[in-house]
Amino acid sequence: MVGRRGDMASERMADQHADDRPEPRVPDPPEPRVPESRPPEPRPLDAIDRDILQILHTDGRASIRAVAERVHVSRANAYARINRLIDDGVIRGFGARINHERAGQGASAYITLKIVQNTWRTVREHLRALPGASHIALVSGDFDVLLLVHTPDNRALRELVLTRLQSIPEVLSTRTLLVFEEDDLESTVSAEPGGSAPRQ
C-alpha cells in the first residue's frame, strides 16, 4: 500500500506539472497577400481630347471657357475632359517655360554617364538631388544615362561634374557636351500628378 500511495502521489505531482506547461500555441494564419495596385490603363483619346492637349501644350494658362470655345464643346464637357486627362496621368501638371539664361543659369550642358549595371534607380535618385538638373533619361547606346543641367556659369558646371557627379560610386565615367543655344519646345512640367486644372 505504501508503494501504491507513493505511486499515486507521483502521478498527482506529474499531473500538476503537466498543468503548468503552456499549451501549444496555435500558429497564426498567414496574412492574405494584397495584390499590388497598378495604375489603371488610360482611356483612349478622341480628336477633342487631342485638340485640348494641343491647346494646353501651347498655353497652359488657357481658361476652361477658352478651351471649350476652341474645341466646340460646353464648359462642363471641357472641364470633365481635362480632369479625366489629369486623373489618367496624360496631363502631368502645368508649368512655365523658363529662359534659363535670363534666370541666371547661363551655362547649360548635356552630360552622358556610364554607370554600373543594374544601378539605374540608385543613380537616378542621386541625379534628382543635383542642383540645376533638368532632365534625366536612361538610354541605349555607347552610354547609359543622359543628363541635362543648367548652372550659373562654367565654374559651377565644372564643380557639379568633378565634385558631385564623379563622387557617385555607381558612375563609371562622364562626358560633358556644352550647349551653345537651345530652344525649348515643351512646357516645363512643375505640378504634381493630380494638379489643378486651368482656371474657369
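Along the sequence shown, residues carry numbers from 1. Values below: all heavy atoms of this structure, side chains included; hydrogens, waters and symmetry mates excluded. Fair warning: this is a prediction, and the values are worked out from it, not measured in the lab.
Cluster membership for L172 and L127, using ILVMFWY side-chain heavy atoms within less than 4.5 angstrom, is not shared.
Side chain of N83 to main chain of A80: no donor-acceptor pair is present (N/O by atom type, distance under 3.5 Å, no hydrogens or angles). Distance alone, capped at 3.5 Å, is enough to place a donor-acceptor pair between the S167 side chain and the R164 backbone. Remark: side-chain polar atoms of D153 are paired, donor with acceptor, to backbone N or O of R155 under 3.5 angstrom.
In terms of heavy atoms, A68 sits closest to A78 at CB-CB, 3.8 Å. Contact detail for A107 and N154: the closest heavy-atom pair is CB-OD1, 3.6 Å. Annotation for A109 and T176: closest pair CB-CG2, 3.8 Å, computed over non-hydrogen atoms. Q105 approaches G132 most closely through the heavy-atom pair NE2-CA, 4.4 Å. The shortest non-hydrogen separation linking I55 to V67 is CG2-CG2, 4.0 Å. The shortest heavy-atom contact between R124 and I136 is O-CD1, 4.4 Å.
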With side chain to side chain contact (heavy atoms under 4.5 Å, CB included) as the test, would you mind laying out the steps for V171 and Q166 before giving the verdict?
-> CA-CA 6 Å; V171 173; Q166 295 187 4; 5.6 Å; no
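Ion pairing of R70 with D51 is absent here, as no side-chain N (NZ or NE/NH1/NH2) approaches a carboxylate O to less than 4.0 Å. Note on D87 versus R43: no salt bridge recorded, every NZ/NE/NH1/NH2 to OD/OE distance being 4.0 Å or above.
Judged by distance alone, the side chains of R81 and N77 do bring a donor and an acceptor atom under 3.5 Å apart.
Side-chain contact check for L147 versus L165: some heavy-atom pair is nearer than 4.5 Å.
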